[in-house]
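Computed from a prediction, not measured in an experiment: that's the story for all the values here.
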Amino acid sequence: MYRTEPDEIHSLGLGDIHHVGLVVMDLDRALSTYSALLGRADTTKLEFQTPDVPMRWGTRRLNLRVGFMSLGGTLLEILQPLDDQSPHGKFLAERGEGLHHLGFLVTDLDGQSARLAGLGMSTLAGTNRPQDPLRWVYLDGPAAGGAVIEMMEKSPISEQFWADAASAMIAKEPE
């Protein structure tokens, strides 16, 4: 399956890519298409609404349908926004479907956020306050070449989140 241990030796200083986030208009269609293209059937999906998330344009809830597919050491995260107020909804409206973010698990979210800010990246959205139980941040800027960088702090809560996603995936032989 995939690893949750950060690997700090790579040039980005963020470790291995944990997941790749795609934004789509129709989650079911995208999961079906990517399952056929990649010959994979180990997927899971969920729908959720987050508590309020600070974003560049104000505080909003994230309303999403999300699917996951294991690609060996990396997950494919497919996001269907259910409104236009999230970073995903705004991305879809402005750019259409496609690559939204590269996701990394990090041990020091504050330190890595500061380091990337020094490279010209700025916070797009996230729950990275000390009191947030699941700390993550989306950063964007010229250094990312049009993509968003997501960092999630490695913690017992984030470990449980990814373990739950992994255990929900049912491995089936491709048809």
Side-chain angles (χ1 to χ4, degrees), residues 2-8 10-24 27 44-68 74-95 97-166:
Y2 64 93
R3 295 188 338 209
T4 59
E5 296 82 22
D7 178 357
E8 299 299 325
H10 291 79
S11 61
L12 286 176
L14 296 175
D16 292 335
I17 294 174
H18 177 263
H19 66 274
V20 175
L22 303 177
V23 171
V24 300
L27 177 63
T44 189
K45 59 185 172 180
L46 54 102
E47 185 171 322
F48 67 90
Q49 182 180 70
T50 68
D52 289 340
V53 174
M55 299 178 206
R56 193 174 288 153
W57 50 90
T59 300
R60 306 274 190 279
R61 292 175 182 225
L62 298 179
N63 298 298
L64 300 165
R65 291 185 71 218
V66 182
F68 297 100
T74 303
L75 287 176
L76 181 61
E77 179 184 43
I78 304 173
L79 303 118
Q80 176 190 337
L82 299 177
D83 63 36
D84 62 356
Q85 296 301 305
S86 69
H88 316 96
K90 289 187 179 295
F91 178 93
L92 189 59
E94 294 170 8
R95 299 184 187 186
E97 296 182 309
L99 173 68
H100 180 261
H101 66 268
L102 301 176
F104 298 87
L105 290 178
V106 299
T107 55
D108 180 9
L109 184 64
D110 297 327
Q112 292 290 10
S113 295
R115 187 180 68 77
L116 292 182
L119 296 173
M121 303 288 286
S122 61
T123 301
L124 177 63
T127 57
N128 58 345
R129 300 163 298 202
Q131 71 269 24
D132 292 320
L134 184 64
R135 297 182 70 222
W136 63 273
V137 64
Y138 279 155
L139 299 158
D140 65 358
V148 171
I149 300 295
E150 178 185 21
M151 295 185 296
M152 181 178 284
E153 189 161 70
K154 187 175 180 182
S155 69
I157 292 172
S158 67
E159 289 285 321
Q160 188 63 54
F161 174 83
W162 293 113
D164 290 348

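- Side chain of Q80 to main chain of L27: a donor-acceptor pair is present (N/O by atom type, distance under 3.5 Å, no hydrogens or angles).
- In summary, D110 and R135 engage in a salt bridge, as defined by a charged side-chain N under 4.0 Å from a carboxylate O.
- Under a cutoff of 6.0 Å and an axis angle of 45°, K154 and W162 do not form a cation-pi pair.
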Stepwise side chain to side chain contact (heavy atoms under 4.5 Å, CB included) check, I149 with H101: CA-CA 5 Å; I149 300 295; H101 66 268; over 6 Å; no
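- When side chains are defined from C-beta on, V106 does not count as touching W136, because their heavy atoms never get closer than 4.5 Å.
- Side-chain contact between I78 and L76 is present, with at least one heavy-atom pair separated by less than 4.5 Å.
- Nearest approach of T127 to L134, heavy atoms of both residues: OG1-O, 2.7 Å.
- Side-chain atoms of T59 never come within 3.5 Å of backbone atoms of D52 as a donor-acceptor pair (strictly under, hydrogens ignored).
- Across E153 and T107, no two heavy atoms sit closer than the pair OE2-O, 3.8 Å.
- Within the model, atoms CG of L105 and CD of E150 stand 9.0 Å from one another, a figure rounded to the nearest 0.5 Å.
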Derivation and outcome, salt bridge (charged side-chain N to carboxylate O under 4.0 Å, His left out), residues R115 and D108: CA-CA 11 Å; R115 187 180 68 77; D108 180 9; over 6 Å; no
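- The two residues F104 and L14 come nearest to each other via the heavy atoms CD2-CB, 3.6 Å.
- Residues F48 and L64 have side chains in contact (heavy-atom distance under 4.5 Å, counting atoms from C-beta outward).
- Here the closest non-hydrogen pair linking R61 and D83 is O-OD2, 4.3 Å.
- Scanning all heavy atoms of the two residues, the minimum distance from P81 to L92 falls at CG-CD2, 3.9 Å.
- Proximity of F91 to V148: side-chain heavy atoms (C-beta onward) are nowhere separated by under 4.5 Å.
- Taking the six-membered ring for Trp and the full ring otherwise, Y138 and H100 have centroids separated by under 6.0 Å.
- By the 4.5 Å heavy-atom criterion applied to side chains, E47 and L82 are counted as neighbours.
- Within a 6.0 Å sphere centred on CZ of R56, heavy atoms belonging to other residues, nucleotides or ligands number more than 12.
- A donor-acceptor pair under 3.5 Å is absent between the side-chain atoms of D164 and the main chain of F161, judged by distance alone.
- Residues L75 and H18 are in side-chain contact: their nearest non-hydrogen atoms beyond the backbone lie under 4.5 Å apart.
- Using a 4.5 Å heavy-atom cutoff, the side chains of L99 and V20 are in contact.
- Across all non-hydrogen atoms, the minimal contact from R95 to G146 is NH1-O, 2.8 Å.
- Using a 4.5 Å heavy-atom cutoff, the side chains of K90 and W57 are in contact.
- The backbone N or O of H88 sits less than 3.5 Å from a side-chain atom of S86, completing a donor-acceptor pair.
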